[in-house]
Amino acid sequence: MSTSGANNPPAATEAAPSPGPPPQAPPSPSGHSAGEDVTPPPGAVTELRLVDGGRVVTRLAPHSPACPLLPRDDGYHSSDSTPKTSGERRVAGVLPLPRGPLTTTSDASDDKFPSETDSGVAESVPLAAVPPTLTPGVCPVPSPAAGAPGGVPDDGRESWGKSMDFLLSIIGFAVDLANVWRFPFLCYRNGGGAFLLPYFLITVFGALPLFFMELVLGQYNRQGPITVWKICPFFRGVGYCAVLVAYFVSFYYNVIIAWSIYFVYASFSFTLPWTSCNNSWNTADCWDGLTSEEPRPNISRLMSPSEEYFNYVVLQLHKSDGFDDLGPPQPGLVVCGLITYFILYLSLFKGVKSSGKVVWVTATMPYVILTLLLIRGALLPGAADGLLYYIKPSVSALSDSKVWYEAAVQVFFSVGAGFGVHLSYASYNTFNNNCYRDCLITSLVNAFTSFYSGLVIFTYLGYMAFKQKTEISEVAIDGPGLVFQVYPEAVATLPGSQIWSCLFFLMLIALGLDSGMGGLECVITGLLDELRNTFGRRVIRREVFTALVVGSSFLVSITNFCQGGIYVFHWLDTYSAGISLLCSALFEAVAVSWMYGLKRFCADIQHMLGFRPRLYWRVCWKFISPLFILITIIIGLRSQMANPLEYSGPTKYLYPRWAEAVGWCITASSMLMIPLWMVISVVRRRGSFKEVVTGSV
């Protein structure tokens, strides 16, 4: 397996633990080994943790002067490796013993922030109290653990086939459809190139630290988004909140993939069906501004052929009166949805071994297609004007608080902190995988893709404005309308339009599948780990449980395929993952930074990656990132409660008040998991309130 720790020497197996507890010694305040005063039985195996250049190296040696030190890799950390509040740590299933003071590198020795009392990684821990069978003068060489790669003790949890599988998976989840249809629109509407400044600052000081925190939590503990909160059981509801949010999002997000499949099928025609206004479904308001030589009609509400095709053929919106009159499901869209969920099941039912292969296509293909589309779009008339309109900075826009709020929303939702997806993916990593490097690469790729896709989109918007002899602001919209109405209209006039249309919608399918797999993987991993932790490891096969999760999500998504399904889509998009997702990220940061403790969290990182996070990371984790999220939540709540929910389709539709009330119930259902499990933790556990909160009892 290719990981950053692949060059470690092969591990030695540990001696069998004795029926009684091993001898323990209190940590030495002077910094000497915690097990220094412990005299193990003759031949007992002792673990020595040495620090060489800031990296923790572990050696195993039988307690015999005749035997040299044997190399050992700490390997995977199972659920038994969860650090305890008292300072105990289980290493690869070893009984916990007191650990000595943290040995840090010289660059962090004078750093006093934060001032917490948690002890660090043990320097010496007796691993077993039962001596192995020894031949006088001969050092025993233990055999590798069965089923463990390279002799690393196996905790029974599967791992990625390659470290690149993991990197492509988190890139695929972070880079989603919002990078294509939302970021470009926000950029031009909020100051053009000047929008990149708040976007960059909020990424660096807000989302990036939380992203790294999630990767560390998952990789160090090798647990899903629910069971990982053994480190702080009082906040176990954060995991349930994240799982519910991911599940709710799957009800509508995968519908976009089904729409894209429908458009790919429609592209295999001699003439694209949305090319002209000469079709049976077109209305008197249809105007083909790209090919018509006639002046623009004096009609307040004009619709392009592609807009009428999407609304009246794909959605059949005209047959529904609103949210309370959805109509029957459309067979064509249901079939496309069934194909979508079947692909998702095939990608997920074998775990990361199967999804890790799929992402090699779905995570890389969009960049190839984007590049082809950019080259073609750059040759169109008006493309330069579109690019200039996109990136031209308007510094005065930075004084508007709305610009900063929209940048924060875009960053947090794009990176995906709080979803639990990155945590779930990281839980399948090898213990020493360099998740710090993966975090930086993913964040850079995500920001680059957002900007790069904007270049592609605005070349075609500039072309459309040139052909229609109008301003770019008249043709630029965000959301599904951009990719299912505006862009299809632009490519319909190009030579070989069927090819360009297929390429574009295949790109949308690839972007959607990555994020769809990530959301469902969070649900599957989180609940499956919880079930196995509660009822036993073989309580249910993953293949069966995956079918239950995917199948139930598909059944709910059918409401989006009804004639009024777009109203359900917009309703779910508004209430399923807005405020609740931000609350999940906020309480995650608070739980780790303030309850679990940054000192202990940094010790975990040093034990796993060999370095201690610097001041920037710790200040962001404890203060800046939570503050960013809290401000965003307050502004979002005020905005969402002040404005009634409406959908801007062919006609503006105002949702009934009962629909808004039910929507807030959806939002609250996931957020209430956090206080609910706080109450359950207090009722179940004994001890003082402080001990219950920190998980020390």
Side-chain angles (χ1 to χ4, degrees), residues 2-4 160 162-184 186-187 192-219 356 359-360 362-371 374 390-391 393 404 406-419 421-423 425-426 429 433-457 507 510-511 514-515 518 585 605 609 611 613-614 616-617 619-621 624-625 628:
S2 175
T3 64
S4 59
W160 295 97
K162 299 178 181 178
S163 59
M164 196 65 180
D165 295 350
F166 167 71
L167 178 59
L168 289 177
S169 294
I170 59 175
I171 288 177
F173 178 76
V175 178
D176 65 349
L177 294 166
N179 295 73
V180 175
W181 74 31
R182 181 165 172 80
F183 177 85
L186 291 177
C187 192
F195 181 74
L196 298 177
L197 177 62
Y199 183 87
F200 173 77
L201 291 177
I202 294 173
T203 298
V204 172
F205 293 102
L208 179 62
L210 294 179
F211 183 20
F212 184 38
M213 175 184 287
E214 280 204 3
L215 295 184
V216 170
L217 282 175
Q219 180 170 311
V359 293
W360 281 87
T362 57
T364 57
M365 185 174 68
Y367 296 97
V368 177
I369 297 178
L370 278 175
T371 302
L374 178 60
Y390 171 53
I391 64 177
W404 292 82
E406 292 194 339
V409 171
Q410 174 63 19
V411 166
F412 282 115
F413 282 86
S414 179
V415 172
F419 264 115
V421 175
H422 298 307
L423 193 154
Y425 278 153
N429 275 338
N433 178 69
N434 193 345
C435 60
Y436 175 73
R437 173 202 60 200
D438 296 337
C439 170
L440 297 180
I441 292 176
T442 303
S443 300
L444 288 174
V445 170
N446 180 52
F448 166 77
T449 306
S450 296
F451 183 75
Y452 190 58
S453 61
L455 297 178
V456 176
I457 294 298
M507 179 191 69
L511 290 171
D514 283 332
S515 299
I605 295 175
L609 301 179
F611 68 88
R614 295 182 179 274
Y616 152 75
W617 294 100
V619 171
C620 288
W621 284 330
I624 299 180
S625 295
F628 267 133

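These numbers come from the heavy atoms of this one structure, side chains and all, not from hydrogens, waters or symmetry mates. When a residue number appears, it is its place in the shown sequence, counting from 1.
How far CD1 of I441 is from CG of L167: 5.5 Å, rounded to the nearest 0.5 Å. Separating the CG atom in L455 from the OG atom in S450 is a distance of 11.0 Å, to the nearest 0.5 Å. The distance from atom CG of N434 to atom CG of L440, rounded to the nearest 0.5 Å, is 8.5 Å. From L186, atom CG reaches atom CH2 of W181 across 13.0 Å, with rounding to the nearest 0.5 Å. In this structure, Y425 OH and L215 CG are separated by 12.5 Å, a value rounded to the nearest 0.5 Å. Annotation: the span from Y436 atom OH to L609 atom CG amounts to 10.0 Å, rounded to 0.5 Å.
A donor-acceptor pair under 3.5 Å is absent between the side-chain atoms of S625 and the main chain of W621, judged by distance alone.
Between Y452 and F448, the angle of the ring planes stays under 30°, which puts this pair in the parallel group of the 30/60° scheme. Note: H422 and F173 have perpendicular aromatic rings, judged against thresholds of 30 and 60 degrees for the angle between ring planes.
Across T364, T442, D438, a single residue satisfies side chain to side chain contact (heavy atoms under 4.5 Å, CB included) together with I171, and that is T442.
Side-chain contact between L168 and M164 is present, with at least one heavy-atom pair separated by less than 4.5 Å. At least one side-chain heavy atom of R182 sits less than 4.5 Å from a side-chain heavy atom of Q410. At a threshold of 4.5 Å between non-hydrogen side-chain atoms, the residues C435 and F212 count as touching. Using a 4.5 Å cut-off on side-chain heavy atoms (C-beta onward), Y390 and C187 make contact. A 4.5 Å side-chain heavy-atom check between V415 and S443 finds every atom pair outside the cut-off. Counting heavy atoms from C-beta outward, D514 and V175 have side chains that stay 4.5 Å or more apart. Between F211 and F412 the shortest side-chain heavy-atom distance does not fall below 4.5 Å.
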### Message
Quick one, Y616 with L208, criterion side-chain contact (heavy atoms from CB on, under 4.5 Å). Give me CA distance, side-chain angles, the key distance, then yes/no.
### Response
CA-CA 11 Å; Y616 152 75; L208 179 62; 3.9 Å; yes

### Task
Determine, stepwise, if the pair N433 / W160 fulfils side-chain hydrogen bond (donor to acceptor under 3.5 Å, both in side chains).
CA-CA 11 Å; N433 178 69; W160 295 97; over 6 Å; no

### Query
Which is it for L201 and W404 under the side-chain contact (heavy atoms from CB on, under 4.5 Å) test, yes or no, and what are the steps along the way?
CA-CA 10 Å; L201 291 177; W404 292 82; 4.0 Å; yes

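Nearest heavy atoms, P209 versus C620: CG-CB, 3.5 Å. Residues A417 and A585 approach most closely at O-CB, 3.9 Å, considering heavy atoms. Scanning all heavy atoms of the two residues, the minimum distance from G206 to L210 falls at O-CG, 3.6 Å.
Heavy atoms of other residues, nucleotides or ligands lying less than 6.0 angstrom from CZ of F200 number 12 at most. Applying the 6.0 Å contact sphere to OH of Y367 captures more than 12 heavy atoms from other residues, nucleotides or ligands.
For the 3.5 Å distance criterion, the side chains of D176 and S414 fail to qualify, holding no donor opposite an acceptor.
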